[in-house]
Amino acid sequence: MWRRTGYCGELRASHVGQEVILMGWVHRRRDHGGLIFVDLRDREGQVQVVFNPERGQEAYEVARRMRPEYVGAIRGRVAMRPPGTENPALDTGQVEVLAEEARILNEARTPVFPIEEETAAAEEVRLAYRYLDLRRPSLQQNLRLRHRVYQVIRSFLDRNGFIEIETPVLTKSTPEGARDFLVPSRLSPGHFYALPQSPQLFKQLLMVAGFDSYFQIVKCYRDEDLRADRQPEFTQIDIEMSFVDREGVLPLMEELIAEIFQAAKGVKLPRPFPRLTFTESFDRYGLDNPDTRFEMDLTDLSEVVRGTEFRPFADALESGGVVKGINAHGCSDYSRKDIEELTDYIKVFGAKGLVPFRVTPEGVSSPMAKFFSPVLLEAIRGVLQGSPGDLLLLVADQPPVVAEALGRLRLKLAERLGLLDPHKFNPVWVTDFPLLEFDEKEGRWSAVHHPFTAPVGEDVPLFDTDPGRIRAQAYDLIINGQEVGGGSIRIHRREVQAKMFQVLGIGEEEARAKFGFLLEALEFGTPPHGGIAFGLDRLIMILTGAESIRDVIAFPKTQKGQCLMSKAPSPVDGAQLKELRIKLDLP
RNA sequence: GGGGUCGUAGUUCAGUCGGAUAGAACGCCGGCCUGUCACGCCGGAGGUCGCGAGUUCGAGUCUCGUCGGCCCCGCCA
């Protein structure tokens with residue numbers, strides 16, 4: 001076998017005169033009868049190879065048999081292209097390789113879809129032939145950027161004293177949180193391992209063990225329904241630190257994120273990152289994952305419109321609700337149909353309606369104008385700072401409904417107005433989440449973050465009086481409205497953990513059965529500790545501008561959790577099931 | 001569990017009011033062509049209209065069911 005001298009995509013004018021041996025895929029062949037051009041492609045790019053029978057009759061004959069995606073090897077000399085035939089679209093476009101000898105290393109079936117930067121092929125087809133899809137430059141670039149990010153993370157955390165430790169993939173099912181993937185145990189019939197939703201308990205135990213600072217780039221598994229940014233298995237950058245409070249975690253994590261953005265995008269993120277409390281975020285943006293690349297804040301109009309006869313507003317206010325609005329700058333020309341579309345959109349989130357007011361040079365107009373006095377219309381305009389050309393959109397309902405409806409509407413409008421600058425990266429910490437939320441369905445308190453999150457010290461007495469007002473020492477990192485990470489300072493005292501389980505309705509016995517090992521560990525000298533986990537896939541999505549998480553994962557699954565290439569999941573034969581003592585009960 | 005949308009040649013799509021032999025482009029195969037790079041020109045092959053029922057003289061087209069892709073709600077500590 002020949003040994004290649006380098007990559008196709010690397011050849012430049014400086015290589016002219018050198019003899020090279022190249023190997024790669026036939027990207028395209030242009031047969032002129034007496035002269036054949038072959039673009040040979042490898043991971044670094046492509047280069048034009050010229051087959052002239054006068055230079056190599058046998059090589060020419062081989063080139064005649066070449067077809068797209070054949071794997072070929074050529075030996076030849078790098079030459080400047082004749083003047084006027086350079087191709088500025090190619091990095092290698094100044095030069096070409098004059099083939100003297102050629103070999104076909106392997107033939108290829110006609111590709112199911114052409115291997116091009118932008119493919120028109122449906123994702124269904126691309127996923128079934130993922131290895132062909134992965135030949136396309138855009139996916140190659142995404143995965144190589146992902147590789148770069150792995151290296152930056154390891155280098156940064158190593159430099160800062162973190163120790164990389166693997167935790168079990170076959171572990172224990174725990175209550176709360178997402179549905180577990182289960183793995184039957186052959187050696188313990190009727191017992192099951194669970195795949196970890198995160199290494200949460202293990203990393204805390206590593207703190208108990210005295211490793212001080214730990215990290216892991218680790219797969220996590222959650223058996224929930226998929227979305228454009230959710231896969232059943234995904235990767236976290238999992239981090240935990242001992243003897244720290246929040247200020248020991250956040251600034252260092254900002255350095256890590258900044259280093260990633262610098263290395264991957266050449267973007268400098270100013271530090272410190274801005275911070276918002278959960279309450280501020282909720283009030284201004286309606287969501288706990290605010291996109292701060294643009295303004296359009298939610299504004300409270302409850303006091304302005306109090307006393308109005310307009311039923312939807314009056315009813316909402318009487319039943320403890322609020323009236324809030326946003327100013328869609330320059331949207332006064334939105335048609336009735338546009339407004340209807342936006343209304344339908346927010347109805348998905350529980351809002352009953354959307355009340356529009358157009359600001360014109362003559363004043364404020366609205367289909368609902370007859371319910372409002374001119375003074376009130378002017379007051380609404382004033383509070384929302386409406387100028388002629390603006391469209392004011394109001395929603396009235398219970399606070400959470402108003403927040404989500406307007407928060408999502410704000411994003412929808414920003415998208416329509418082109419306010420989401422893809423070159424802008426706005427990180428923001430959201431802090432002071434509530435520790436608990438009341439689950440109406442289950443009729444009990446549940447943890448907003450997870451049951452090991454520490455409450456803010458001064459709020460601990462509220463456990464007995466008003467659990468809903470306890471703040472958590474938890475924090476999320478949001479970039480451009482995407483939650484890319486979240487963490488907390490953990491409970492390290494046995495009695496606080498007990499209080500937490502108590503309020504969650506997890507009995508002494510159940511707690512011992514489910515988390516006994518953690519509770520016990522807390523009794524053996526647990527340092528104060530806390531940490532964070534970043535969603536690596538989502539981070540790579542932001543860095544690459546990918547619209548789907550599938551574009552940053554080599555072998556992703558469909559919305560039904562299937563791998564169209566390997567056909568997983570699949571039935572297994574009876575012997576396997578018998579060995580596991582499993583009987584199927586299918587509909 | 002629910003809502004929306006899509007499924008026709010290898011690929012991307014068109015296909016009228018239900019009507020005769022289901023079309024186009026790209027790709028593929030063959031021929032010609034010595035400076036192309038989305039090469040060009042000539043010719044050709046290629047179809048389980050996702051699958052299954054039903055309505056009809058007749059279904060790619062209408063109805064019902066079903067399978068699958070994508071987006072969303074619920075879900076995702």
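In the text below, chain A, chain B and the rest are named by the order of the sequence lines, each starting its count at 1.
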Take atom [atom1] in [N] and the same atom in [M], then report the distance between them in whole Å.
| N | M | atom1 | answer |
| --- | --- | --- | --- |
| B:G7 | B:U63 | P | 15 Å |
| B:G50 | B:C6 | P | 13 Å |
| B:C76 | B:A14 | P | 39 Å |
| B:G46 | B:A25 | C1' | 15 Å |
| B:G58 | B:G65 | P | 23 Å |

Problem - A:His32 aromatic ring stacked with six-membered ring of B:U36, 5.5 Å and 30° - result: no
Indicate yes or no: does [X] engage [Y] in a salt bridge with an N to O separation below 4.0 Å.
| X | Y | result |
| --- | --- | --- |
| A:Arg41 | A:Glu69 | yes |
| A:Arg222 | A:Asp180 | no |
| A:Glu224 | A:Arg179 | yes |
| A:Arg64 | A:Asp31 | no |

Exercise for the section: Could you state the atom-to-atom distance from NZ of A:Lys412 to P of B:C71 in whole Å? Expected result: 14 Å
Exercise for the section: Please report, rounded to the nearest Å, how far the P atom of B:C76 is from the CG atom of A:Asp476. Expected result: 15 Å
Problem - N/O (side chain, A:Arg30) to phosphate O (OP1/OP2, B:U34) under 4.0 Å - result: no
Exercise for the section: May I ask you to evaluate whether A:Arg227 reaches the phosphate of B:C73, defined as a side-chain N or O under 4.0 Å from OP1 or OP2? Expected result: yes
No-H, no-angle donor-acceptor pair, [X] side chain to [N] base, under 3.5 Å:
| X | N | answer |
| --- | --- | --- |
| A:Asp225 | B:C75 | no |
| A:Arg230 | B:C76 | yes |
| A:Arg81 | B:C37 | yes |

Problem - Earlier contact from the 5' end, RNA chain B, for A:Lys560 and A:Gln197 - result: A:Lys560
Could you please name the partner base of [N], counting Watson-Crick and G-U wobble pairs only when both distances are under 3.5 Å?
| N | result |
| --- | --- |
| B:U34 | none |
| B:G65 | B:C51 |
| B:G43 | B:C29 |
| B:A22 | none |

